[in-house]
Amino acid sequence: MRRKYLCWSIVVLCAAASAFAQGVKGAKPNIIIILTDDLGYSDVSLYGRADVRTPSIDRIGKEGLVFPNMRANCTVCSPSRAALMTGKFPDRVGVPGVIRTETDNTWGYLSPSVPTLADHLRRAGYHTALVGKWHLGLEEPNVPNSRGFDFFHGFLGDMMDSYTTHRRLGHNYMRRDREVIDPPGHATDLFTGWACDYVRERAKEKGKPFFLYLAYNAPHCPIEPPSDWLARVQARDPSLSPKRAALVALIEHLDDGIGKLLDALEAAGLAQDTIIAVTSDNGGALNFASCNDPWRGGKEDHYDGGLRVPFALRWPARVKPGECAYTGLVFDLFPTALELAGVPLPTGLDARSLTPALEGGALGTPNRDLYFVRREGGAKYMGKSYEALIQGDWKLMQNDPFSPLQLFNLKDDPQEKADLAKQTPQRVREMSHALRAHIQAGGSAPWEKPE
């Protein structure tokens, strides 16, 4: 990061949040959250990587606030999405692991009793839409139209076997609301086009704000960029390995789609009054040549390469450009969106609002635990869970259910090279006690569908 952290130090009273959110005219802002899939920390040029060009994501950061110290809520898809949609740690809402098509290898069930971000915003007068990947349920009651979204145009499942056939293990999970559809084209282009269409339609509805959750499945595997995008990257940088060139092309194609959405907002006259945030559900997959530098590890790891993600938020009418060094989690967008919409926060949230930073104030050091959990099957995990906990500068973690706990001081050792568990047993005991409390709290929510 070359630019200096600019998280201002003026403390703003929480009572001012609603007035700030609704602006001078009293209108509620439109809200767009763009969630990419497996986008590595340094797989955007905004974060300093030289071999990838992401001018659209960079633009959101340069015209808004960049948060370089944000982490996803999990190292894999479903739990991060459950946390974002509920403002709670994912095991608290029944999603400690990935929800899959195979009934013998699915590890989550989104609690039907917990309102989603879309539920809250719809009750506040917003039109709510999801375009793209859902991955929080394949059937009732956990399909988007039953979980707060007025409109759904996208993919119910976890991943596509191909970006062009849109199948998963032979199943067609493409939907327009509850209707099964089979559209031709690359999934990234489809999701971009549908999102732009939605923005143009909402522009006709004067005075009614909208919430658009645009969840791309790129750059998740299979790494299938359009051929012209791949040829462009290979011609520009022949030194790239075939794996890296393909991933860069898929990311740049994704970024171009985000640029088309920004253009659609401008053309519709909505850009100034629309909050737009962009981030990722977890770190990049190292086996597909993603880059999470300077952090150790990648997707599925509790090392920071699996958790650190790009994160930027823009609101031209109200937020000044800059950087904020706050250490937070992606699900902090949940209370942030509600506050900016003037919606009272529900009780029992684990997430914290970023609104003070957007107002020009200081978020300070979070006095909360940053808790991470993943439950997974297969021979490596055997259906067991593994966890991590960050308290201040200290991180206690397992990287699979059968390895010993490791302890790192992130301030002195940000690359997590020196395990201090044996040298500081008292710290391990204290953090283990706190971690057990989180695990117990997560046990109150079933992660299998009730019979």
Side-chain angles (χ1 to χ4, degrees), residues 14 17-23 25-35 73 80-88 93 110-137 141-154 177 194-195 198-199 201-215 261 265 268 270-279 313-315 317-319 329-355 358-359:
C14 291
S18 180
F20 167 79
Q22 297 188 32
K25 297 180 181 178
K28 293 181 178 182
N30 305 309
I31 300 169
I32 298 176
I33 295 176
I34 301 174
L35 188 68
N73 283 87
S80 282
R81 293 159 199 273
L84 174 60
M85 285 293 102
T86 63
K88 296 175 181 286
V93 295
L110 183 63
S111 174
S113 65
V114 180
T116 66
L117 179 57
D119 284 317
H120 288 289
L121 290 174
R122 183 162 66 176
R123 290 168 192 158
Y126 277 71
H127 190 273
T128 58
L130 165 59
V131 171
K133 174 176 169 176
W134 172 234
H135 201 185
L136 287 174
N142 283 332
V143 294
N145 294 110
S146 296
R147 298 310 306 261
F149 289 98
D150 295 307
F151 177 64
F152 170 50
H153 207 171
D177 293 327
W194 295 342
Y198 177 76
V199 164
E201 284 300 312
R202 299 320 302 167
K204 300 173 185 176
E205 298 292 329
K206 305 294 184 184
K208 185 175 177 68
F210 67 83
F211 165 52
L212 170 61
Y213 174 34
L214 173 55
L261 178 64
L265 285 169
L270 299 174
Q272 288 294 307
D273 295 316
T274 298
I275 301 157
I276 184 165
V278 60
T279 186
L313 187 152
R314 186 190 82 167
W315 186 7
R318 307 296 294 172
V319 174
L329 298 172
V330 165
F331 76 165
D332 291 339
L333 284 169
F334 181 99
T336 305
L338 293 187
E339 282 197 341
L340 296 178
V343 178
L345 297 186
T347 59
L349 294 183
D350 299 307
R352 301 287 177 86
S353 176
L354 305 174
T355 302
L358 309 185
E359 294 171 338

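Start at 1 with the first residue, then count along the sequence.
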Set of ring-ring contact (aromatic ring centres under 6.0 Å, His included) partners for F151, sequence neighbours left out: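 In terms of ring-ring contact (aromatic ring centres under 6.0 Å, His included), with neighbours along the sequence ignored, F151 is linked to H153.
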
Validation row: [X], [Y] side chains within 4.5 angstrom (heavy atoms):
{"X": "R318", "Y": "P29", "value": "no"}
{"X": "N30", "Y": "I275", "value": "no"}
{"X": "V199", "Y": "T274", "value": "no"}
{"X": "P209", "Y": "D273", "value": "no"}
{"X": "T279", "Y": "L84", "value": "no"}
{"X": "Y213", "Y": "R81", "value": "yes"}
{"X": "E205", "Y": "H127", "value": "no"}

Looking only at heavy atoms, what is the nearest atom pair of [X] and [Y], with distance?
{"X": "S353", "Y": "P335", "result": "N-CG, 3.6 Å"}
{"X": "N73", "Y": "F331", "result": "OD1-N, 3.0 Å"}
{"X": "R147", "Y": "P141", "result": "CD-O, 3.3 Å"}
{"X": "K208", "Y": "G125", "result": "NZ-O, 3.0 Å"}
{"X": "L338", "Y": "P346", "result": "CD1-CD, 3.7 Å"}
{"X": "A277", "Y": "L333", "result": "CB-CD2, 3.9 Å"}

So, F211 versus H120, ring centres under 6.0 angstrom or not?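 No, too far apart.
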
Point-to-point distance, once rounded to the nearest 0.5 Å, from [atom1] of [X] to [atom2] of [Y]:
{"X": "L340", "Y": "L313", "atom1": "CG", "atom2": "CG", "answer": "7.5 Å"}
{"X": "I276", "Y": "L214", "atom1": "CD1", "atom2": "CG", "answer": "8.0 Å"}
{"X": "D177", "Y": "N145", "atom1": "CG", "atom2": "CG", "answer": "4.5 Å"}
{"X": "F149", "Y": "D119", "atom1": "CZ", "atom2": "CG", "answer": "8.5 Å"}
{"X": "L35", "Y": "M85", "atom1": "CG", "atom2": "CE", "answer": "8.0 Å"}

For [X] and [Y], indicate whether the former's side chain and the latter's backbone hold a donor-acceptor pair under 3.5 Å.
{"X": "D150", "Y": "A129", "answer": "no"}
{"X": "D332", "Y": "L329", "answer": "yes"}
{"X": "K88", "Y": "G348", "answer": "yes"}

Over 60° means perpendicular and under 30° means parallel, so classify the ring planes of F210 and Y198, tilted if in between.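 Plane angle over 60°, so perpendicular.
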
V131 and its side-chain contact (heavy atoms from CB on, under 4.5 Å) partner, picked from I32, I34, L212: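 For V131, the side-chain contact (heavy atoms from CB on, under 4.5 Å) check succeeds only for L212.
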
L136 pairs by side-chain contact (heavy atoms from CB on, under 4.5 Å) with which of L130, T116, L110?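 Answer to the side-chain contact (heavy atoms from CB on, under 4.5 Å) test with L136 among L130, T116, L110: L110.
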
Steps toward side chain to side chain contact (heavy atoms under 4.5 Å, CB included) verdict (F334, L349): CA-CA 9 Å; F334 181 99; L349 294 183; 3.7 Å; yes

